[in-house]
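Residue numbers begin at 1 in each chain, while the letters A, B, ... track the order of the sequences. FYI, side chains are in, hydrogens and waters are out, and symmetry mates aren't considered; it's all heavy atoms of this structure.
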There are 2 protein chains.
Amino acid sequence: MGNLASQILRIPISRTWPLVDGGKFPAKAFENEVIEFGAVAFREGHDQIAVDLLLTNPNSITTRISLKEGSPGLDQWVAKVQLNQVGTWSYQVSAWDDRYHTWLHNTEVKLQAGVDEELMMLEGISLLEQLAEVSPAATKKKFIAISKVLADEALSATERLEKALAQDLTALAEANPIRFLENLSDPAQVYCERKLAGSGAWYEFFPRSEGAKKNKDGSWVSGTFKTAQKSLARVKEMGFDVLYMPPIHPIGHAHRKGPNNTLVAGANDPGSPWAIGNEAGGHDTIHPDLGTEKDFKDFINAAAKLDIEIAMDLALQAAPDHPWVKTNPEFFTTRADGSIAYAENPPKKYQDIYPINFDNDPEGIYQEVLRVVTKWISLGVKIFRVDNPHTKPVSFWQRLIAEINSKNPEVIFLAEAFTRPAMMHALGKAGFQQSYCYFAWRNSKTELVEYLNELANDSADFFRPSLWVNTPDILTQYLQFGGKPAFKIRATIAATAGSTWGMYAGFELYESVARAGAEENIDSEKYEYKSRDFQAAEKSGQSLAPYVALLNQIRRENPALGQLRNLTTHWSDDQEILVFSKTLAAEHNGGKENTILVVVNTDPHSVRETMVHLNLAALGVTGEFKALDLISGDKFEWGEHNFVRLDSFTQPAHILRVEK
Amino acid sequence: MGNLASQILRIPISRTWPLVDGGKFPAKAFENEVIEFGAVAFREGHDQIAVDLLLTNPNSITTRISLKEGSPGLDQWVAKVQLNQVGTWSYQVSAWDDRYHTWLHNTEVKLQAGVDEELMMLEGISLLEQLAEVSPAATKKKFIAISKVLADEALSATERLEKALAQDLTALAEANPIRFLENLSDPAQVYCERKLAGSGAWYEFFPRSEGAKKNKDGSWVSGTFKTAQKSLARVKEMGFDVLYMPPIHPIGHAHRKGPNNTLVAGANDPGSPWAIGNEAGGHDTIHPDLGTEKDFKDFINAAAKLDIEIAMDLALQAAPDHPWVKTNPEFFTTRADGSIAYAENPPKKYQDIYPINFDNDPEGIYQEVLRVVTKWISLGVKIFRVDNPHTKPVSFWQRLIAEINSKNPEVIFLAEAFTRPAMMHALGKAGFQQSYCYFAWRNSKTELVEYLNELANDSADFFRPSLWVNTPDILTQYLQFGGKPAFKIRATIAATAGSTWGMYAGFELYESVARAGAEENIDSEKYEYKSRDFQAAEKSGQSLAPYVALLNQIRRENPALGQLRNLTTHWSDDQEILVFSKTLAAEHNGGKENTILVVVNTDPHSVRETMVHLNLAALGVTGEFKALDLISGDKFEWGEHNFVRLDSFTQPAHILRVEK
């Protein structure tokens with residue numbers, strides 16, 4: 001057996017974290033994220049150990065951080081560290097025989113029992129002499145001076161120990177230790193990416209709808225990058241960091257889908273942007289209706305001036321009239337009858353889409369996709385929202401993302417995969433910086449408590465969730481039937497529980513009518529132009545935009561909300577009142593602790609009164625505290641047990657800042 | 001990131017099991033143990049995959065075993081395999097693109113919908129031709145014949161498919177697959193040890209008590225290996241496989257403990273066997289009172305004739321008069337005042353024991369312990385019960401066990417460590433074949449359900465628990481205050497839930513009086529001779545021995561009880577009625593399924609009536625079934641929901657065999 005097993009260390013370190021699949025993948029972090037580093041380390045017998053984190057930053061500078069014992073009985077040693085630099089960090093854990101603290105503990109216990117007093121003094125002197133021997137001159141002098149205190153027979157042993165401790169013996173010994181029997185864990189990596197990889201507020205619109213106009217004959221004039229540029233102010237007013245747009249490429253004609261996903265499109269129907277490619281070009285081309293490459297660059301630049309980044313769609317599939325079908329038929333599957341295979345989920349057929357076959361010519365398709373992505377990066381795109389990555393090989397994504405990030409580490413890929421957990425998690429490990437998740441379908445308090453804890457803990461090392469309240473594909477029953485309160489509740493939870501959240505245009509107008517039998521909007525923008533009067537809605541008080549702007553302002557002003565792993569759920573006596581908090585310690589926030597406590601009624605049809613019971617330690621308080629409601633401006637005196645009344649029809653949530 | 005991450009496979013395999021610490025240690029198994037092998041494997045899109053286990057036995061012969069999909073939605077693929085050979089096994093998981101089943105599924109769905117009928121026939125023909133091409137002549141002929149069926153335009157597509165399937169197309173394709181895109185997981189190991197490493201019934205006695213006689217003056221004549229040999233019949237009658245004896249070495253005189261752990265021993269007090277060594281010798285020597293090495297060998301041989309193995313104690317510590325103290329003072333710690341350190345847990349002192357310092361002369365002490373262990377192995381000892389391994393370095397044990405097992409793989413080490421989980425688990429990973437566990441302190445139904453599931457599942461790959469009902473150090477409050485029913489209940493649970501269980505002499509006599517304030521027997525055998533009249537107790541009906549014999553007989557006749565990982569707990573409406581089952585499939589038991597269902601009242605003071613609700617699938621039944629009570633001989637007709645009445649004062653448990 002021995003020859004197959006790893007050698008166990010003298011001071012065993014049986015586990016370290018963060019660690020993904022035993023170290024097969026680096027753990028993920030983003031700039032200024034606070035990560036718990038830890039280890040299970042222990043030793044035989046009663047003597048004490050010390051455990052340190054040796055953390056090496058991307059510049060190869062290593063810092064030693066002392067770990068503190070965590071949960072009693074589990075031999076866990078932990079520290080929370082804020083990673084302040086993008087790049088690859090690495091760490092090892094050091095465990096060693098802490099003879100100073102062993103001696104101190106034994107001496108205190110024995111002096112109290114009146115046992116071995118002189119012997120413990122002798123052993124202390126011997127230890128201090130050892131410490132002195134390896135110390136620089138000034139320190140050596142201090143150790144020797146204190147060892148003379150321990151030898152001073154004019155004093156009792158207890159007096160000698162007290163005197164030595166009063167001369168800061170412990171601090172001196174801790175700062176100048178001999179690390180007896182020191183051993184190190186295997187090294188492991190943490191890959192730290194830029195802030196938007198893990199923390200941000202996203203908005204989605206279709207550029208063709210922004211400024212689109214309907215002619216009298218029922219035909220439409222498409223919006224363009226130029227007209228859409230005017231809508232950037234609206235996105236900025238709501239406080240979003242990223243604007244994501246569905247594909248901006250030419251749209252296929254063959255089998256084009258009509259309104260409401262019907263099989264036949266009329267002459268004026270613009271088609272689904274995801275049916276990419278026609279005679280005008282494919283994935284490397286801009287739809288002529290939207291403008292030119294210059295218009296697109298102008299649009300990106302205009303957004304940048306407002307601190308908004310543009311996220312582009314990467315949907316690796318083709319319309320039947322995509323140029324690849326002629327130039328590279330080997331990118332697709334040829335059926336036994338010589339036809340090119342369209343998309344299917346038998347017996348369903350999607351004849352407007354040709355899926356790519358990644359096994360026919362893996363190198364060819366890889367190089368072509370690399371070329372396309374590189375082109376858009378050269379035009380200024382730094383974020384790609386990848387459509388259905390789970391229908392393409394995970395190994396393809398791993399190679400592509402690694403190669404792109406090796407030259408452009410700032411580029412972020414968001415995975416739009418709604419599928420089983422093994423695939424969703426594998427995409428995160430393959431390198432996707434961010435992932436859509438099941439938040440939209442977690443609406444009850446019980447579901448949310450379980451899911452938010454999973455996202456903040458179990459999967460946070462490899463899966464960064466983006467909490468979208470809706471998308472062109474997702475209008476949940478909760479939103480369909482929950483009325484306006486449902487929209488407010490969902491935005492509140494997404495913006496505060498999620499370090500990244502997202503919203504698709506129309507949400508602020510409470511668009512809630514679904515196509516029959518579907519969980520998506522009727523007259524979906526996927527197949528039609530949409531002209532929405534956001535201003536009129538806001539003027540008449542029929543818009544959620546001001547509330548959304550407030551949520552994003554609260555996020556900006558409270559950096560605890562931008563963290564992924566700092567969530568704690570608390571208890572309430574009501575089955576629909578959700579309570580959670582997020583906190584950022586003073587040392588990780590420029591000296592000022594930031595703690596936000598959210599209490600929200602998840603039932604959109606009710607006024608609910610209940611008691612809320614808080615985990616005070618998670619809030620950094622010990623008893624009563626002052627809380628400021630960042631929505632209403634109300635001030636509360638709260639403690640461990642608190643009464644709340646939440647009216648979904650007016651203010652369904654408190655977003656409380658703990659004031660100290 | 002790419003350069004740091006493992007490459008993800010074309011058909012990802014994100015996890016395989018059994019796997020200990022990501023493969024750092026081989027998983028444990030014992031001969032004829034049934035182990036679940038599995039993997040999380042999945043692919044992009046809708047096409048089907050097949051997943052196989054490639055299992056290599058200790059003779060380097062590899063078998064391919066098809067894995068079946070486990071829990072829906074989790075992409076888990078599993079098979080239960082019985083390891084029938086001692087040695088190191090290894091495995092890899094293979095995942096591949098299963099084009100035959102993808103085609104079959106799509107064809108069935110499409111024919112039902114009347115879509116693409118001829119195209120699917122063409123694709124089937126093309127696939128069968130590919131399969132034929134790589135097949136041996138006879139198989140090729142069959143594939144070609146069936147492909148002609150699919151081409152037979154005289155029949156409808158549906159008739160052609162039916163005809164092809166009727167000609168066993170699926171079996172043919174499964175037996176002769178092309179494994180498109182096949183890829184393999186990293187290899188991992190399973191170390192399979194002999195049966196007693198994981199499965200057996202143990203008894204403990206002090207040989208000096210067996211045949212000991214008290215003289216009129218109050219002094220004693222020690223029992224010897226010769227007199228103890230007579231007690232082997234008693235051990236055999238109760239059906240035990242292993243007899244463990246406390247240390248058999250000379251006992252120190254200095255600071256010898258008297259009765260009830262008092263500090264001063266009388267002239268006739270024999271001392272604790274764990275205070276090892278005096279002028280007569282140390283760990284390599286037999287206590288002169290017990291006999292000679294020849295007597296010991298005779299004892300081992302006499303036991304072997306009864307199919308009983310002898311387990312010896314390995315307690316690495318010394319009495320102050322142990323020969324090592326003179327010959328090898330470097331094995332111990334010298335204090336600052338020049339004295340040798342005795343054992344302490346400050347301020348408590350154990351002056352009769354010198355602990356070994358494993359860091360002073362690591363190589364010297366290692367070689368000496370190796371010499372001692374090797375000596376006893378040469379005398380026929382194959383099992384060592386290691387006293388307090390958690391007070392010695394884990395790395396020491398890892399080296400020792402590996403070296404011993406490399407020459408003597410049959411040798412078993414049992415860890416007597418009652419401490420925190422990190423250390424207990426590390427000792428298992430270091431190579432200890434077996435471990436004492438917290439069973440003695442898990443007495444309520446809730447505690448037992450949680451703990452038995454942990455032992456059978458979470459830790460079974462590296463920690464093999466031995467369920468002891470008592471030891472010279474453990475007489476729990478449950479036994480102290482539960483009366484005779486408590487003894488019956490605990491023996492029943494240990495013998496049926498534990499693949500290994502153990503019992504220390506006196507348990508069968510219901511010895512339940514504790515030393516005040518301690519969880520151990522008063523007048524402990526650790527410090528005194530004990531003369532017990534087992535026969536008289538049995539004659540007068542005051543002995544549990546016949547019941548213990550029945551339990552061990554039930555174990556021998558029902559191999560499901562000898563398995564570690566096959567436990568399922570079931571529901572009862574009563575908070576003290578524990579229900580669990582263990583099952584061994586027919587294929588793993590010579591063609592005959594063996595399923596045992598245990599229902600036990602854990603409250604020793606009551607008669608309880610309740611309903612028991614069974615997980616029928618875990619019992620291998622679908623509805624009503626016959627059950628034979630192996631204790632009472634009663635026969636029952638049971639189903640999913642059953643009434644039970646359990647009287648702790650008469651028969652606190654049913655041990656039911658499911659009869660089919």
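Just one of B/Val40, B/Asp75, B/Leu74 meets the side-chain contact (heavy atoms from CB on, under 4.5 Å) condition when paired with A/Arg420; it is B/Asp75.
Taking CG of A/Asn388 as the reference point, atom CD of B/Glu44 lies at 12.0 Å (rounded to 0.5 Å). Here the straight-line distance linking atom CD1 of B/Ile8 with atom CZ of A/Phe25 works out to 4.0 Å at 0.5 Å rounding. Going from atom CZ of A/Arg10 over to atom CZ of B/Phe396 covers 11.0 Å, rounded to the nearest 0.5 Å. We find the OG-CE distance between A/Ser14 and B/Met423 to be 10.0 Å, quoted to the nearest 0.5 Å. The distance from the NZ atom of B/Lys392 to the CZ atom of A/Arg43 is 13.5 Å, given to the nearest 0.5 Å.
Looking only at distances, no side-chain donor or acceptor of B/Gln398 sits under 3.5 Å from a matching main-chain atom of A/Ala5.
Residues A/Phe42 and B/Ala426 share a closest heavy-atom pair of CZ-CB, 3.4 Å.
With a 4.5 angstrom heavy-atom cutoff, A/Pro12 touches chain B only via side-chain atoms. Only the side chain of A/Asp21 comes within less than 4.5 Å of a heavy atom in chain B; its backbone stays farther off. Only the backbone of A/His390 comes within contact range of chain B, judged by heavy atoms closer than 4.5 Å. Of the two parts of A/Glu344, the backbone and the side chain both hold a non-hydrogen atom closer than 4.5 Å to a non-hydrogen atom of chain B. With a 4.5 angstrom heavy-atom cutoff, A/Asp359 touches chain B only via side-chain atoms. Both the backbone and the side chain of A/Gln7 come within less than 4.5 Å of a heavy atom in chain B. Interface remark: A/Leu181 contributes side-chain atoms only to the contact with chain B (heavy atom separation under 4.5 Å).
Annotation: maximal heavy-atom pairing with chain B below 4.5 Å, among A/Gly45, A/Pro393, A/Ser406, A/Ala113, occurs at A/Pro393. Across A/Leu122, A/Val115, A/Leu119, the residue that shares the most heavy-atom pairs under 4.5 angstrom with chain B is A/Leu119. Of the listed residues (A/Leu9, A/Asn345, A/Val394), the greatest number of heavy-atom pairs within a distance under 4.5 Å of chain B belongs to A/Asn345. Ranking A/Ile125, A/Thr419, A/Asn106 against chain B, the residue ahead of the rest is A/Asn106, based on heavy-atom pairs under 4.5 Å. Among A/Ala417, A/Gly22, A/Pro347, the residue with the largest count of heavy-atom pairs under 4.5 Å with chain B is A/Pro347.
Taking 4.5 Å as the limit, every side-chain heavy atom of A/His46 sits out of range of all side-chain heavy atoms of B/Thr391. Proximity of B/Asp186 to A/Lys24: side-chain heavy atoms (C-beta onward) are separated by under 4.5 Å at one or more points.
Surrounding CD of A/Gln112 are at most 12 heavy atoms belonging to other residues, nucleotides or ligands under 6.0 Å away.
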message = Between A/Met120 and B/Arg335, is the side-chain contact (heavy atoms from CB on, under 4.5 Å) condition met? List the steps.
response = CA-CA 9 Å; A/Met120 295 318 288; B/Arg335 307 291 306 262; 3.6 Å; yes
